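Everything below concerns the one structure shown next.
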Number of protein chains: 2
Amino acid sequence: MTVTIYDVAREANVSMATVSRVVNGNQNVKPATRKKVLKVIEELGYRPNAVARGLASKKTTTVGVIIPDISNSTYSELARGIEDIATMYRYNIILSNSDQNENKELQLLETMLGKQVDGIVFMSDMITPVLLHELERSPTPIVLAGSIEETGKIASVNIDYFEAAYEAVKKLIENGHLNIAFISGPMTSKINRDYKMKGYREALEDADITFKPELVVECNNSYDEGMQAVLDLKPHKPTAYFVNNDEMAIGVIHAVEEGGQSIPEEVEIISYENSKLARMARPMLSSVALPLYDIGAVSMRLLTKYMNKEEIDENQVILPYRIEERQSTKNDES
Amino acid sequence: MTVTIYDVAREANVSMATVSRVVNGNQNVKPATRKKVLKVIEELGYRPNAVARGLASKKTTTVGVIIPDISNSTYSELARGIEDIATMYRYNIILSNSDQNENKELQLLETMLGKQVDGIVFMSDMITPVLLHELERSPTPIVLAGSIEETGKIASVNIDYFEAAYEAVKKLIENGHLNIAFISGPMTSKINRDYKMKGYREALEDADITFKPELVVECNNSYDEGMQAVLDLKPHKPTAYFVNNDEMAIGVIHAVEEGGQSIPEEVEIISYENSKLARMARPMLSSVALPLYDIGAVSMRLLTKYMNKEEIDENQVILPYRIEERQSTKNDES
DNA sequence: TTGAAAGCGCTAACAT
DNA sequence: ATGTTAGCGCTTTCAA
């Protein structure tokens with residue numbers, strides 16, 4: 001009932017190979033026969049079966065995307081970058097949520113490899129040794145997007161998380177703060193635990209400010225925990241907050257203001273994300289601007305190079321970031 | 001180099017058919033031989049090729065998801081609902097962004113059908129006649145998620161958008177407002193143009209309030225246009241706003257407050273979405289609560305029924321909504 | 001319970 | 001420029 005390449009060949013009085021050639025845009029076809037074949041394709045409503053093609057050619061033109069949670073705006077922005085570039089290179093995307101669960105991640109990898117994806121973009125806050133082992137064993141290229149894997153064995157695209165954190169905290173220090181709190185995301189994330197934390201600590205140390213563990217609070221990146229953190233930190237009287245993401249930062253703003261302090265006069269806040277929320281906050285949030293879309297896009301672009309077996313000059317790409325100064329910090333302009 | 005079912009069969013001294021049976025959990029295999037086969041599979045690191053399986057069985061256990069924009073939180077929430085249920089039923093998802101562009105939508109449909117997806121979840125603000133035609137012609141089941149198609153020919157999952165809008169506006173009227181603005185989303189969307197607009201108009205008419213076209217503003221659902229709308233409406237002095245989504249509603253809040261009016265004392269606002277932004281606004285937003293995740297989940301569930309050729313009692317499912325009253329409206333409790 | 005064999009719909013040599 | 005043919009790796013009758 002479904003029309004196949006064989007039906008088209010028969011109707012057009014040519015061989016399957018010829019039909020295949022016109023379908024795939026091979027130039028070795030006489031214009032007249034091409035036209036004839038195209039006509040039959042049209043008449044019969046022939047639609048090439050990509051599964052059969054995949055089996056025969058060993059290419060599926062689909063790539064796997066393993067992402068912690070697509071409903072999280074950080075990741076959905078990344079995903080959009082991935083998808084746009086994938087579309088540009090004619091790939092489709094199989095997208096799955098891992099919820100940062102290692103077993104799910106392993107199983108997803110297995111499923112996608114079983115589906116013969118041509119490549120994989122992988123995102124995870126923590127690449128465990130067993131995960132790394134599987135990533136290395138993959139018969140298909142893999143690139144990590146916004147995910148740290150320190151051996152450098154797997155290609156990745158990131159920003160300099162340490163540097164960005166350092167710079168943000170330094171700005172707070174330059175504005176005269178000595179008691180700077182760090183509202184961190186989950187320490188299970190390597191980026192949080194090692195890179196941002198290190199940026200925070202070193203910025204303090206370089207300014208001869210003693211690091212006080214009680215000024216760092218581990219949260220789940222939610223608005224509510226952002227508010228709660230401010231309450232919890234009250235005894236320590238922080239005058240500035242370095243906050244892991246915009247949503248928590250808004251929680252911090254609200255808790256600080258409800259506590260009767262004004263921003264940025266009495267308390268300054270700098271976030272680490274710069275989603276569109278940053279401009280929707282009052283005061284508007286100063287924030288480290290993460291190029292999420294670009295991380296996704298560049299990751300996918302890098303993956304296409306691997307899939308085409310092109311030469312790769314650098315498999316660990318570091319994208320630039322910037323700091324967007326708005327109203328939650330005192331700036332020269334303000 | 002890649003190990004196939006044939007390699008396993010040879011090593012285990014059984015036929016391919018037997019290997020296939022154990023891989024697929026067929027009970028007609030003697031435990032001893034099952035064990036033997038499993039052992040060889042383990043040793044050889046055999047991973048079934050889903051593409052070959054798909055070609056032979058005519059099932060890919062993959063469904064297509066055509067979505068306007070995954071980076072938009074409304075849709076990413078929907079997508080998460082779809083993906084969770086898909087995973088539950090062991091389907092993977094090919095996800096593509098259409099940007100509401102009809103040509104892209106048509107082309108995506110074509111690509112996905114070519115990839116032999118077992119079903120499709122489709123989202124679009126406007127189902128044009130040609131699109132409807134293609135959806136009807138699909139050899140594979142399709143369900144519309146959060147998308148209106150009035151002929152009822154295609155299965156769909158929605159809420160009663162009209163009723164929800166009506167009820168929201170009625171609430172504003174009951175609170176004493178006569179001059180209620182409607183900050184609408186794009187009128188290219190059928191839901192906006194017909195359903196919500198109708199809810200707004202009928203609520204007014206049923207309360208003997210004349211509908212004034214100058215009180216409705218068509219916006220693009222962004223924060224900035226929400227703010228701008230308030231400025232544009234100033235001459236008409238609205239005392240209440242019915243706003244199409246949370247992001248714009250926050251823009252409305254800010255513009256109203258910057259205009260020196262207090263919420264909810266002087267101006268009331270009710271939104272139509274209830275994303276997590278609603279609680280992050282100050283004052284917190286009252287809002288029609290859209291069950292986005294559920295719309296996605298139920299759509300996918302419905303699709304599995306079609307894919308399994310189960311009996312469907314109702315192909316147009318309407319999910320319940322509720323209205324979440326917070327601080328941007330005056331409530332009995334407040 | 002197991003095996004043999006015929007496809008599934010296409011691509012990719014290889015011939016012509 | 002076009003055709004022939006042998007797979008790709010699996011499922012699925014049908015037989016045994």
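Numbered from 1 within each chain, the chains take letters A, B, ... in sequence-line order. Only a predicted model underlies this, so the values are computations on that prediction, with no experimental measurement involved.
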Within the structure shown, what part of the strands sits under 4.0 Å from A:Asn13 by heavy-atom distance: base, sugar-phosphate, or nothing?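 Answer is sugar-phosphate: A:Asn13 comes under 4.0 Å of backbone atoms only.
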
NA contact type, B:Val14, heavy-atom cut-off 4.0 Å: base, sugar-phosphate, or nothing? sugar-phosphate

Quick one: is [N] close enough that its OP1 or OP2 comes under 4.0 Å of any side-chain N or O from [X]?
X	N	answer
B:Thr33	C:dT2	yes
B:Asn24	D:dT11	yes
B:Ser20	D:dT12	no
A:Asn28	D:dA1	yes
B:Tyr46	D:dC10	yes
B:Thr18	C:dG3	yes
A:Ser15	D:dG3	yes
B:Lys58	C:dG7	no
B:Ser57	D:dT12	no

First encountered from the 5' end of DNA chain D, between B:Ala17 and B:Leu55: B:Leu55

Does A:Glu105 reach the side chain of A:Leu131, with side-chain heavy atoms less than 4.5 Å apart? yes

Can A:Asp294 and A:Arg301 be counted as an ion pair, charged N to O under 4.0 angstrom? no

Mind calculating the distance between [atom1] ([X]) and [atom2] ([N]) to the nearest angstrom?
X	N	atom1	atom2	value
A:Lys59	C:dG9	NZ	P	23 Å
B:Arg34	C:dT1	CZ	P	10 Å
B:Tyr6	C:dG3	OH	C1'	13 Å
B:Ile5	D:dG9	CD1	C1'	8 Å
B:Arg21	D:dT13	CZ	C1'	10 Å
B:Leu44	D:dG9	CG	C1'	15 Å
B:Arg53	D:dC8	CZ	P	18 Å
B:Arg10	D:dC10	CZ	P	13 Å

Looking only at side-chain N and O atoms, does B:Thr304 offer a donor or acceptor that is under 3.5 Å from a partner on B:Asn308? no

Only one of A:Ile295, A:Thr74, A:Ile82 forms a side chain to side chain contact (heavy atoms under 4.5 Å, CB included) with A:Met123, so which one is it?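 In the set A:Ile295, A:Thr74, A:Ile82, the residue that makes a side chain to side chain contact (heavy atoms under 4.5 Å, CB included) with A:Met123 is A:Ile82.
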
Does the A:Ser15 side chain pair with the main chain of A:Thr18, one donor and one acceptor, at a distance under 3.5 Å? yes

Side-chain donor or acceptor of B:Thr111 paired with backbone N/O of B:Leu109 under 3.5 Å: no

Please figure out whether B:Gln27 or A:Met16 has its closest DNA chain C nucleotide nearer the 5' end. B:Gln27

Hey, does the side-chain of A:Arg47 have a donor or acceptor N/O within less than 3.5 Å of a partner on the base of C:dG9?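 Check fails, no donor-acceptor contact within cut-off.
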
